[in-house]
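Notes follow once the structure below has been shown.
One is the number of the first residue; the rest follow in order along the sequence. In listed order, ligands and their atoms are each counted from 1.
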Amino acid sequence: MAPPAESRVWDPAELLPRDRLAGLQLDRLRETLVRAAGTPFHASAFARAGMAPADVRSLDDLRRIPVTTKDDLRAHYPLGMLAVPRAEIARIHGSSGTTGKPTFVAYSRADMQVWSGLCARFLVAGGLRPDHLVHVAFGYGLFTGGFGLHQGIERVGAGIVPVAGGNTPRQVTLLSDLRPDVLVCTPSYALHIAEVARAVGFDPRDLGLTSGHFGGEPWTEEMRLEIERELGIQAFNNYGLSEVIGPGVSGECGARAGMHVAEDHFIVECLHPATLLPVPDGTVGELVFTSLTKEAMPVVRYRTRDLASLDRSPCPCGRTGARMSRVVGRSDDMFIVRGVNVFPSQIEEALLRVEGAAPHYVIEIARPGTLDEAVVRVEIRPRDFSDEMRQMVALRDRIDHEIHSITGIRMTIELVAPNALGRSEGKARRVIDHRKGGGSGG
Ligand code: DLL
């Protein structure tokens, strides 16, 4: 008889006793730091800290090295953090940035193997088997979700329906006709698929799905229950970010009590976002990752801005990797709408491109049904405020166009009179998030 899903392990390294794991981490950390020191950015970070990679003799020494931020990546746009010759790049992915330009991440051939293996790891931990057929509704492109999951599923040997995102009625038709076992997408899209299935006359529970692997955006335990009820499946959470590798940084096992971090490939720290001092296990802090095996673009103490807690207590599944909690918020103002990361500064940039729009705006995000909706309320400059409907509609359309071209998503644009939005005396509150924990919080 086949062992229960939760006892399957993709890589024996997942079971390494923690002392041996620490030894492996230190060896790999030292190699990574030597590799990273070959890039001007990391070389100057070591110089600022007054140290060389060889000075790192214990895992604790890592804390002497300065952290890396998304701004650092931006300052080295497009590929200034590359640690291999260009000819060794096997793949480039990217994620949205505040300047309208994405930040790019590069992978070597070996990185691609590691990455697909890490995706296979969490998929298998969540019960994926070679005889399964998987419907992938993540976007395929610069976003790491589609290709990342696709390659992981391929490594496991399961079948794939690479549907990509969008056209939900068609997704429902494909689910109903091809009857895959497993669904892969963002959690909010899973609920939307269920909703559209009902609208076109299917009971989503009859689609025959048995499980789903969801990630790419924050969600709650309530949402898990709703997805499970609506689709009649078991839902698993997985986490990652492009800068660190993409999906595959962590994922749930059958116990579904936190996501096991692939600690043989990443050192995870949980730090107080203001002091950058470590917080105790069980306390929410900002997650900071150091890659241990990446060749093309190693990251050293990369600040994710994601707030979560860590649990290093033994897990019933036998995996020894620390478990991270759900992401409960962000320490910056990034928000995620329908799986897409958006920064208020992108909205600002769009408004600056449109004559007549004042850079006074508020973004309100809600999830009235299953999908996120964002409303951008924009003040009109006094001299452009007009009774002419046509003029106002044209202005609104220009803003809509710029926001869409920068963020890739559509938001509802509402024009308001000059000075209609309150002015704050301190930090302007740009984002009002009505989603209950299902958004980025922060
Ligand atoms: O979203 C990678 C990914 C794709 C992970 C598909 C899982 C599945 P980015 O576009 O760079 O990469 O966005 C990374 O998304 O810093 C978190 O804020 C958020 N995020 C990703 N997964 C989760 C999750 C991909 N399971 C940012 N729970 C991260 C909460 C998540 N937030």
Side-chain angles (χ1 to χ4, degrees), residues 69-70 73-74 92-98 102-105 115-116 118-119 121-123 126 134 136-153 164-165 183-190 212-221 223-224 227 235-252 256 258-262 266 268 273 284 286-289 297 299 302-309 323-343 372 407-409 433 435 437-442:
T69 64
K70 185 143 182 138
L73 292 190
R74 257 183 236 125
I92 289 178
H93 279 280
S95 80
S96 54
T98 61
T103 44
F104 291 122
V105 290
W115 184 26
S116 59
L118 289 176
C119 289
R121 185 184 282 205
F122 75 74
L123 288 163
V134 189
V136 181
F138 270 133
Y140 284 68
L142 280 182
F143 176 55
T144 50
F147 281 106
L149 268 290
H150 186 104
Q151 292 148 191
I153 299 162
L183 176 63
V184 162
C185 56
T186 55
S188 58
Y189 198 53
H213 296 270
F214 307 114
E217 66 181 6
W219 52 314
T220 56
E221 210 47 44
M223 228 174 126
R224 169 166 12 222
I227 292 173
F236 293 84
N237 194 4
N238 68 87
Y239 165 91
L241 60 163
S242 335
E243 294 83 355
V244 174
I245 202 160
V249 175
S250 69
E252 285 179 329
R256 297 192 298 167
M259 296 179 275
H260 286 285
V261 176
F266 309 103
V268 59
V284 171
E286 181 180 329
L287 299 182
V288 171
F289 289 97
M297 216 177 255
V299 284
Y302 184 72
R303 286 190 70 169
T304 62
R305 305 287 177 177
D306 289 323
L307 301 175
S309 61
R323 282 170 289 162
M324 60 175 267
S325 69
R326 287 182 179 283
V327 173
V328 297
R330 303 238 342 143
S331 68
D332 65 4
D333 51 5
M334 183 182 94
F335 56 99
I336 302 183
V337 176
R338 300 190 290 271
V340 177
N341 306 346
V342 185
F343 290 87
D372 297 328
T407 64
I409 52 174
D433 199 336
R435 297 169 296 185
S440 66

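- Ligand-side atoms of ligand 1 in range of G145: 4 (C), 6 (C), range being under 4.0 angstrom from any heavy atom.
- Near S95, meaning under 4.0 Å from one of its heavy atoms, ligand 1 places the atoms 11 (O).
- Set against the non-hydrogen atoms of E217, the atoms of ligand 1 under 4.0 Å away are 20 (N), 21 (C), 22 (N), 23 (C), 24 (C), 28 (N), 30 (C), 31 (C), 32 (N).
- Under 4.0 angstrom from ligand 1, there are no non-hydrogen atoms of R305.
- Inter-residue side-chain proximity for T103 and S242 is flagged as unmet; no heavy-atom pair is nearer than 4.5 Å.
- Ligand 1 places these atoms under 4.0 Å from at least one heavy atom of F143: 1 (O), 4 (C), 10 (O), 25 (C).
- For ligand 1, the atoms closer than 4.0 angstrom to any heavy atom of I336 are 15 (O), 18 (O), 19 (C).
- At a heavy-atom distance under 4.0 Å, only side-chain atoms of T144, from C-beta outward, approach ligand 1.
- By the 30° and 60° cut-offs, the orientation of the rings of F138 relative to F143 is perpendicular.
- With a 4.5 Å cut-off on side-chain heavy atoms, R323 and V261 do not count as touching.
- Residue contact check for ligand 1: T186 places no non-hydrogen atom closer than 4.0 Å to it.
- The distance from ligand 1 to the heavy atoms of D306 drops below 4.0 Å at these ligand atoms: 16 (O), 17 (C), 18 (O), 29 (C).
- Any N or O atom pair closer than 3.5 Å counts here, and N341 shares at least one such pair with ligand 1.
- Comparing G248, G215, G240, G139 by heavy-atom distance to atom 21 (C) of ligand 1, the nearest is G240.
- At under 3.5 Å, not a single nitrogen or oxygen of P247, backbone or side chain, sits near a nitrogen or oxygen of ligand 1.
- Residue S242 touches ligand 1 through backbone and side chain together, judged by heavy-atom distances below 4.0 Å.
- The N/O atoms of T304, backbone and side chain alike, include none that comes under 3.5 Å of an N/O atom in ligand 1.
- Contact annotation: the side chain of P247 never approaches that of H213 to less than 4.5 Å [non-hydrogen atoms, C-beta and beyond].
- P218 has its side chain out of reach of R326: every pair of non-hydrogen atoms, C-beta onward, lies at least 4.5 Å apart.
- For ligand 1, the atoms lying closer than 4.0 Å to a non-hydrogen atom of N238 are 7 (C), 8 (C), 22 (N), 24 (C), 26 (N).
- A donor-acceptor contact shorter than 3.5 Å is absent between the side chain of D306 and the backbone of E286.
- Side-chain contact between E243 and L73 is present, with at least one heavy-atom pair separated by less than 4.5 Å.
- Side chains of F266 and V299 form no contact here, defined as non-hydrogen atoms less than 4.5 Å apart.
- Salt-bridge annotation for R224 and E252: present, with a side-chain N of the basic residue lying under 4.0 Å from a carboxylate O of the acidic one.
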